[in-house]
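Comments concern the structure below.
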Amino acid sequence: MKKAILCGACGRMGKWVANDAEKQGFKIVCGINPNGKQYADFPVYDSFSQVSEEADVVIDFSLPEALTELLDFITAKKMPAVLCVTGYSEEQISAIEKAAEKTPIFRSHNMSMGVYVLNRLALQAKKLLPDFDIEIIERHHRNKADAPSGTALTLYEALKTENSKPIIGRNEKSGKRESLDIGISAVRGGSINGIHEVCFLGEGENITIEHVAESRSIFATGALKAAAFIINKPPKIYGMEDYFNNLLKL
C-alpha cells in the first residue's frame, strides 16, 4: 500500500482524502494542519518539522500560505507532491517551478477528472464553432475566497486566442461585447460544490457544456489518482494532460 502525507488534513477536502485513501490504495501516515486535532488513525502535526514518518508522496489541500514550508520539505526529501491549492501568486508559481527541477510535482486547478474532459470538449467545440461567442460561468459555495475560480481561468487560457480579452464580471463599464471577448462570471452562495459552464453563443443557436460536481469526493479521488501516477516519475511539473495521456497509452 502506498503511503501519503496529507497537508491541510483537517480541512473539508483533507477529510475527504483521508476517508477515500484506502479505497485508492493509500495509507495516510500523518497529516499537517496548524492547530489541527487528530480525527483518524494517523497523527496530525502543526508543521512538517515534526514529521518523522516515511512516505511516498505529499497531497496538499491546504492554503497558499503553507507552500514555502511544503516546498522546503519535498525538495529536501526528493518527495513527489500533488498540489491541489488555488490562488497562488506569480512568485509562488515560480517557486513551484523551481522545486519541480528537484522533485516531481503534480499541479491542477481542479482535481476532477471530469473537468479535464470539459476542457477538452470545449476546445473541440471552439474549433468547430469559430464564429460563436464564448462565455464561462462558474458557481461555488459561499466560503470560496478566490474568484473567478482557478478552473474558470484555466478554461479561459485554453480557449483564448492571441487577441482575446477576458471580461471578468460584466458591469456597466464593460461596454458592448467585442467579437474576441471571453466573459468570465463567478457566482458564490450556499453549499455548491462546483459548477462550470462553457457557453458557445451563435446566431439562433447556443451550446452549453457543463460540469457539475455533486460531491467533493471527486476531488479527493482525483488527487489520490494523481498521487499514484506521480510516484517514481522524474522531476518536472505534471498535470491532468500527463495523467490522461498515460491512460491512453495503457
Side-chain angles (χ1 to χ4, degrees), residues 1-86 88 92-113 216-240 242-244 246-247 250:
M1 184 169 282
K2 298 174 285 293
K3 298 178 180 180
I5 295 170
L6 179 57
C7 188
C10 297
R12 285 175 296 183
M13 282 311 310
K15 290 180 178 179
W16 273 109
V17 173
N19 183 67
D20 292 354
E22 187 174 350
K23 291 182 285 186
Q24 297 296 327
F26 275 92
K27 174 180 175 61
I28 306 300
V29 295
C30 68
I32 309 294
N33 207 106
N35 302 312
K37 295 182 180 179
Q38 184 171 347
Y39 59 88
D41 61 349
F42 57 83
V44 176
Y45 303 127
D46 288 337
S47 72
F48 279 99
S49 63
Q50 298 170 275
V51 175
S52 60
E53 289 82 358
E54 296 295 323
D56 300 303
V57 65
V58 173
I59 300 174
D60 179 31
F61 268 108
S62 60
L63 295 168
E65 291 79 9
L67 180 67
T68 299
E69 186 184 12
L70 184 152
L71 293 181
D72 288 345
F73 179 84
I74 64 171
T75 53
K77 298 280 188 180
K78 299 292 192 295
M79 187 179 293
V82 179
L83 304 184
C84 312
V85 177
T86 60
Y88 289 129
Q92 288 176 312
I93 292 171
S94 295
I96 292 168
E97 292 171 348
K98 185 175 181 180
E101 296 174 2
K102 298 180 180 180
T103 192
I105 294 176
F106 190 107
R107 181 170 175 250
S108 176
H109 290 297
N110 191 306
M111 295 309 302
S112 161
M113 302 291 161
R216 289 190 176 92
S217 68
I218 64 170
F219 308 120
T221 298
L224 289 160
K225 288 184 176 180
F229 163 74
I230 202 175
I231 293 172
N232 296 324
K233 290 289 189 294
K236 76 167 198 174
I237 291 181
Y238 296 83
M240 283 296 181
D242 300 290
Y243 176 86
F244 277 93
N246 183 68
L247 278 186
L250 299 178

* Asked: So do the side chains of Ile105 and Leu71 get within less than 4.5 Å of each other, counting heavy atoms only?
  -> yes
* **Close side-chain approach of Met240 to Met111, heavy-atom, < 4.5 Å** => yes
* **Polar side chain donor-acceptor pair, Tyr45 to Gln38, under 3.5 angstrom** => no
* Asked: Between Gln50 and Ser47, is there a donor-acceptor pair closer than 3.5 Å when you use the side chain of the first and the backbone of the second?
  -> yes
* **Atom pair CD1/OH of Ile93 and Tyr88 - distance to nearest 0.5 Å** => 9.5 Å
* What heavy-atom pair brings Ala223 and Cys84 nearest, and what distance separates the two atoms? -> CB-SG, 3.8 Å
* Is any side-chain heavy atom of Arg107 closer than 4.5 Å to a side-chain heavy atom of Ile96? -> yes
* Structure fact -> Those residues at least two apart in sequence (or on a different chain) that pass side chain to side chain contact (heavy atoms under 4.5 Å, CB included) with Ile218 are Ser112, His211, Ala213
* **Side chain proximity check, Phe42 to Glu53, heavy atoms < 4.5 angstrom** => no
* Any Trp16 side-chain heavy atom under 4.5 Å of Phe219 side chain -> no
* Asked: Think Lys236 forms a cation-pi with Tyr238, using NZ or CZ under 6.0 Å from the six-ring centre and within 45 degrees of its axis?
  -> yes
* Structure fact -> residues 53-73 vs ring pair (Phe, Tyr, Trp, His ring centres under 6.0 Å), sequence neighbours excluded, gives Phe48-Phe73
* Asked: Is the count of non-hydrogen atoms from other residues, nucleotides or ligands lying under 6.0 Å from Lys233 atom NZ greater than 12?
  -> yes
* Going by atom types only, do Ser62 and Asp60 share a side-chain donor-acceptor pair under 3.5 Å? -> yes
* **Heavy-atom pair with the smallest gap, counting every atom of Gln24 and Thr221** => NE2-CG2, 3.7 Å
* Asked: How close do Val29 and Pro43 get, heavy atom to heavy atom, and via which atoms?
  -> O-CD, 3.4 Å
* **Sole residue of Thr103, Ile74, Val82 in side chain to side chain contact (heavy atoms under 4.5 Å, CB included) with Val58** => Ile74
* Asked: Taking the six-membered ring of Phe26, is the NZ or CZ of Lys3 close enough (under 6.0 Å from the centre) and on axis enough (within 45°)?
  -> no
* Structure fact -> Partner of Thr75 under side chain to side chain contact (heavy atoms under 4.5 Å, CB included), picked from Lys98, Glu101, Lys102, is Lys102
* Please report the shortest heavy-atom distance between His109 and Thr86, naming the atom on each side. => O-CG2, 3.5 Å
* To do: Mind jotting down which residue pairs meet the salt bridge (charged side-chain N to carboxylate O under 4.0 Å, His left out) criterion with at least one end in residues 23-51? Sequence neighbours excluded, please.
  => Asp20-Lys23
* Asked: Do you know the tightest heavy-atom contact between Cys10 and Val44?
  -> SG-CG1, 3.9 Å
* Least distance between heavy atoms, Ala220 atom then Met13 atom -> N-CE, 3.5 Å
* Asked: Of Ile5, Leu83, Ile32, which meets side chain to side chain contact (heavy atoms under 4.5 Å, CB included) against Leu70?
  -> Leu83
* To do: Take Glu97 and Ile237 through the test side-chain contact (heavy atoms from CB on, under 4.5 Å) and record every step on the way to the result.
  => CA-CA 7 Å; Glu97 292 171 348; Ile237 291 181; 3.6 Å; yes
* **Asp242 side chain reached by Phe229 side chain, heavy atoms, under 4.5 Å** => yes
